[in-house]
Every structure is written in C-alpha cells, then in structure tokens.
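For reference, the structure is listed below as structure tokens.
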Amino acid sequence: MPHSKYKFLGDYEFIWGPVRKGVSESILFNFLSSGEELHNLEITAGYKKRNYENVLAGKRNLNEQILLIERISGLHAFAASLSFCLSVEDFFGLADKIHNNIKILRMFFAEFERIRNHIENLSEIAESTYIVVPSALYAYHAEMLKQLSQKYLNSRYLMGINEIGGVRKNLSLEDIENILDSVKSTVNKVKAVIKKNMETKSHIDRLKTTGKIDLKTAKRFRANGVAAKSAGISLDLRINRPYLLYGETNLEPVIFEDGDAFSRYMVRIGEIGQSLNIIGYCCDMLKRNGFSYTADYLSRQGEFEELKESENRNFKYGRLKHGFGYAESSEGAIFCYIKDFDGNIFKKINIKYPFENNYKLFADGTKNTMMMDFNINETSYNFSVAALDK
Amino acid sequence: MAFWTYDGLKFGIKSVKFPKENDFYDGFISSIKIDEQKCLNRTKKTMNLKCRECQLACPADAINLNNIFDSKTLGKVINVNRCIFCGLCIDACNEVAGFGGMGAINYASDLNFDIRPQNYEVKKKIFKKSLFVKHIDTGSCGACESEINALNNPYYNMHRLGVFITPSPRFADVLLATGTFTERMTEVFFNVLDNIPKPRFIVLTGSCAIFGGVFENGTAKGIDLNLSPLLNENVIVLPHCPPNPFEILNILLLIKNGGLK
C-alpha cells in the first residue's frame, strides 16, 4: 500500500536496499516510521530478475532444464527439481510406472533438504535475537548436513540428483543408512540446543507476539507454508494432496495458531522432528522392498526415450497437452506447469514458489511493529528473493 | 545466559586448521579433472575424436576435447572458469566406461586455480591488517550467499584469520559479487564499487558472476571485464556453482596475505 495513506505529521520515510547489511539478497524496503514504530512497508523486488522462462526455452535438453530450475533458488533446489520432474512424468504418463523405491528416495532427499533449511533458519533467528552461541551451534550442525550431502551426493545443496524417471546418483542401502544415522545424530544435537534455547527468556520473549498475523489476514493473502501453518491453516501438500508415497506416512500437520515469529519458529522445530521420522520410515521401507542400489531402478530410460520420440512425432497435434507437478518445500508449496514439448525440451515452463504470497503477507504483518524487531520478523519468514524475482 | 557461555566453551574449538593444513572434510570437491591417460581419444592415439560424450553433455560448454592432443593445452580440456559442477560429464564418461572406456573424468579436491588478477604485476602484500569484505548480490540463487555465510560458522570461522564482512563499502577492501549481472543490479554494482577506497579487489564469486552460469543468455550474463570502469581494477574470478567455502576463504586469504600467483 502507498505510504500516503498512512503518513502523519512527524512520520518519515527511508529506504533500505537493494544492497543491505552483511550477506543478504538484493531487495528494496521502503519504510514509513515515526522512529520506534514501523507504520508501513513497501517492498520493491525485481532487481535480480533473470527471466527464467526465456532461458529455459533456450536449453538443449531436459537435463539442462533441471539444472536451471535447481538454480532459480539454490536453497530449494531439490523441491523445485522434484516438482519439475513430477510434472514431466505426468506429461509422459510415467507417474504410475516409477518404482516405489525411487519415490521413497525422493522423499528421503526432500526431507533431508527440509531439515537442513530449518536448522539454518533457526541459526538466523537466534542471531536476530543476539544470542550468538546457539546461533553458532545451529550453523555448525547445518554445515555438517551440507558436508554429509557433499560426501554422498557430490553437492552441498542437493543439486544434480533428480532426473526424469529416477535419481542420478548411485547410492547403496548402506549409504542411505549412513546418511540416516548422521542426520539422526545431528538432529538430536540440534534438539538439545533447542531445549536450552526454550529456557532462554530473552530469546523467547523477543519472538513472542512479534510480527503477529491473524487467521483472517493469512487467508486474505493466501499465506503458504510455514507462515500459513503458524497462523492455524493446515496447508501442506504432503497431507492435503499426497504425492510420491506421502499418503502412507500418516503425517499429522504441524500447526500453531498465534501467527507470530514464535509460532513460525515452533512450526520449524516441529517439522524437523516430523522430517526425521519420514526419513526413518523411508529407510525402513527401502529395506523392506529389498533395495540395494539406486542404479537398479534406472531401467526406465529406454522407455522414456521412446515416449519422447513418440511425443515428438505427435508434436503438431498434441500442443494442448500439458503436465503438472508439485512438491512441498521447507517454505511451502512449489508448483510446476509445463507445456509445448518440442522433442527435446518444454518450451513453456511456469514455476510458482510460495514467496510471492508470503511477501505481501509479510509487508502487511509488519505494520505497527517495532523497527527493532524487523530483522526477527524477516528471518522468521525465511524468504528467498531469488525465487521471488526468478 | 551464563549457561550459554559454559555450553560454548564445552563445545570446544571445532574450526579447521586450514590454511595451515589442508584438512578438508570427507567428500570435499574443488574441481572436475580429466585423466587424459584414460580418455578414449588419447588412448586410441589418433587426432580424430572418437568419443565426445562429455563435451556434448556439458551444459556450460566447459569442455574442449581438441585440447587433449597437445601437451601444451592438456590442462585446458576442462575450462575451470565455466565448470558448474553438475557432474553430467562424469555420468557420460562413466556410461562410456561400460563400453570400453575407463572413466577418465572425476572430481578432485585440490585448491589449484590460476587466479592472478588482470593488471596485477608482482607478488606483494597490499593489506597490512584485517581484510574487510563487502558482499553484493547481483542476481544469485541464494546458494553463494549461503556459502559465504557459512564462513562465519565455527567450522570455517573466518574471523580467526582476520577476515570480516562489512556492511559499508566505505570500509571494504574486497567486493564479493555473486550472481548473474542483471541490468538493474549492474548499475547498483558500479555505485557500490565507486564507494570502495583503493587499493581494492573485486571477486566474481561463482559461475553466474563470471559468464552467467546456467542462466547465460541475452538478459542474464556475467560482467563484461572489458567495460571501462573495470579496466584498471584487480578482478579475480572464483568459479563453480556454488563455490565451496574453502575456495572462497582461500581466495580471501591470498588477497590478504599477498600470495596471489
């Protein structure tokens, strides 16, 4: 909303951005404040718009399109590439033919990414309330997860793992068990830090009632992901519209009703435990299904190539055909819509991240909050400007 | 709050010994290298290329197999500055391995780049004390930022080495740019650069800042080093997508200690 509607005598405007403090993404905030209190916030994005649609349309094959989609927002690389792969598999009618073990592996990595992102965000939240030791401990544990991911998957951000019809990395059951053990051990250490953090009043008091949004506002702005769950909206694609094998996991939604930074913090903590359970479930299922190597499940490539050729022959007649896929990232739902397959690539790809709605909600939620709490408020949403600008 | 002090002390020192020792973690990757002795094109001893699978698979045009025949250009088969670490060449080479190849391409873990900035003449130490770094996001995906932020965690702990992130360009010695140079951010980049006192270094961090990375096209591209404001600047390129914190730290320490080749 424009400042003129809210401006009173003594209020002043100031801008912050697009280059901000420390290491942060480029976005411009325009504040209207009377000193202590923030009356209105205008957000200007688009400084780093990379026109991903045009770039995607110029790629040579689907592998290159996956690589680019992973790099729209690097912190949500796996969830984004998963939504794209699911939409391509939907387009080619491969969805029912994917082996259950591949679906389980994808769930495993998606939850691994969620845990890493949440722990990293806990570190940022702790830093925003100026408690440095827990912030450093969280950051250290998040670093351990990144190193683990590089050790087994050759990427610290789970890039280059998904491919159409399967996963690219060849892992054994032993590797999966090792990853699970390390994640379990890391999460247990994080839980110990969380427990002590909950006893730190200066931390909890600053989170409570900060950036409060009510249910009505959250619904009006179509809040998504953690922001929605913290305001009492049960919005989780893994539960509401199960994909892969999430339907079999009997997930309970992690919901809080206060809508403040503390609720968002608690949703993240709840989801870390939930994701660890899913990873454990995935490992058990793989053992039960007699999984030994990922490479055993890549035999669909030939079938996929045939399907691609057939689509290429019918390209002129099948232009109305489209594919749709979605995945729940750590911050909310990522939707992917694809169309116009020319034999090698999809000419039209549209990806929607949860941040577009949440930014509007954030701008509204900061009204009449304290300037001092702005950093807490912002980190509790854990935005990706890259996903917003695309 | 006292228990946090106690906990912090009890947690102990977790930092690596780098740069005194190259004690990288398990699975650390700094580059992708080709073992020419295993490459089919070399073993067949003919000037005609027999296998181009890796070159065809590379999404960043980083591989030029024509360089494999000449001993002078052997090190330039994989262009380090364009490699985005996707691993597609390794997959392609391993697939060929099933048909008589030997898996010539693999990950490596050394920190050996050619990083001499342009217009930089001799080995000399410019900065006497701590090094202050200003970061600017010119269009990145967020992964490079996360890696730079990781330098503050207890594992890398760059403060122990006298390297700090500064909020103001006025105090900075190094400008760390991440991401493709979008039209709007290029203008902002030069504004920030104008405010950094000389002597100064610019580090183009990640493939996107160098040539646009996977986004390389008309609108998203790397910075043009031939632009007049950059002609007399010390520009260092730090490839990969995203570059590992060890690599970023290595570059910053080389600038600080005057060890640039």
Side-chain angles (χ1 to χ4, degrees), chain A residues 18-26 46-52 54-55 58-61 63-64 67-68 70-77 120 123 131-134 136-137 139-140 142-144 146-148 150-152 154-157 159-160 168 193 196 199-200 202 384-387 389, chain B residues 1 3-5 7-8 11 14 25-29 57 59 84-88 90-91 107 134-150 152-156 165 167 169 176 179-180 182 184-185 188 191-192 208 213-220 241-242 244-245:
Chain A
V19 182
R20 297 183 288 148
K21 46 105 201 187
V23 182
S24 46
E25 293 188 80
S26 297
Y47 280 91
K48 40 192 253 182
K49 191 167 174 57
R50 292 154 289 169
N51 293 319
Y52 81 103
N54 297 346
V55 186
K59 292 289 168 194
R60 292 178 297 184
N61 53 47
N63 273 337
E64 290 187 5
L67 289 177
L68 193 142
E70 284 170 346
R71 285 159 178 83
I72 291 174
S73 171
L75 301 182
H76 310 96
E120 212 160 23
S123 166
I131 45 167
V132 184
V133 177
L137 294 177
Y140 179 80
E143 171 64 27
M144 291 300 113
K146 285 182 194 172
Q147 292 182 8
L148 182 71
Q150 186 160 38
K151 183 179 173 187
Y152 288 99
N154 302 325
S155 168
R156 285 163 63 88
Y157 292 90
M159 290 172 179
R168 257 175 63 196
V193 183
K196 282 192 177 164
E199 294 160 13
T200 311
S202 61
S384 163
V385 182
D389 281 354
Chain B
M1 295 296 276
F3 67 85
W4 280 125
T5 312
D7 264 36
F11 189 65
K14 299 287 180 187
Y25 55 82
D26 262 7
F28 167 70
I29 298 166
I84 60 161
F85 268 22
C86 64
L88 284 174
I90 297 175
D91 289 358
Y107 292 110
K134 172 68 192 160
H135 164 259
I136 177 169
D137 165 21
T138 49
S140 90
C141 69
C144 286
E145 278 76 26
S146 182
E147 293 296 52
I148 297 168
N149 269 326
N152 284 324
N153 75 36
Y155 186 80
Y156 302 101
I165 300 285
L176 210 57
T180 63
T182 60
R184 290 178 83 178
M185 282 312 294
V188 180
N191 274 341
V192 172
C208 293
V214 284
F215 286 93
E216 185 181 20
N217 82 341
T219 49
C241 182
N244 192 287

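Predicted model, so just to flag it, every value in this text is computed and none were measured. Every chain is numbered from 1, with letters handed out A, B, ... down the list of sequences. No hydrogens, no waters, no symmetry mates; every other heavy atom, side chains included, goes into these values.
In this structure, the portion of Glu120(A) lying under 4.5 Å from any heavy atom of chain B is its side chain and not its backbone. Heavy atoms of Asp91(B) lying under 4.5 Å from chain A belong exclusively to its side chain. Looking at Arg156(A), the atoms closer than 4.5 Å to chain B (heavy atoms on both sides) all sit in the side chain, from C-beta outward.
Chain A forms the most heavy-atom pairs under 4.5 Å with one residue out of Val188(B), Ile148(B), Asp7(B), and that residue is Asp7(B). Of the listed residues (Ala143(B), Gly213(B), Gly139(B)), the one with the most heavy-atom contacts under 4.5 Å to chain A is Gly139(B). With chain A as partner, the option from Gly142(B), Pro169(B), Gly8(B) having the largest number of non-hydrogen pairs under 4.5 angstrom is Gly142(B). Contacts with chain A were tallied for Pro245(B), Cys208(B), Cys144(B); Pro245(B) has the most, counting heavy-atom pairs under 4.5 Å. Your options are Ile165(B), Asn152(B), Thr138(B), and the one with the most heavy-atom pairs under 4.5 Å with chain A is Ile165(B). Here Pro154(B) is the residue among Pro167(B), Pro154(B), Pro242(B), Gly87(B) with the most heavy-atom pairs under 4.5 Å with chain A.
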Output, in order, the C-alpha distance, side-chain angles, deciding distance and verdict of side chain to side chain contact (heavy atoms under 4.5 Å, CB included) for Glu64(A) and Cys86(B).
CA-CA 10 Å; Glu64(A) 290 187 5; Cys86(B) 64; over 6 Å; no
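Side-chain contact between Met185(B) and Val19(A) is present, with heavy atoms from C-beta onward closer than 4.5 Å. Within the 4.5 Å cutoff, the side chain of Trp4(B) has heavy atoms near those of the Val193(A) side chain.
Annotation: the span from Gln150(A) atom CD to Asn244(B) atom CG amounts to 5.5 Å, rounded to 0.5 Å.
The side-chain hydrogen bond (donor to acceptor under 3.5 Å, both in side chains) search around Tyr157(A) returns Lys146(A), Ser146(B), Glu147(B), not counting sequence neighbours.
Ring geometry for Tyr155(B) versus Tyr140(A): interplanar angle of 30 to 60°, hence tilted.
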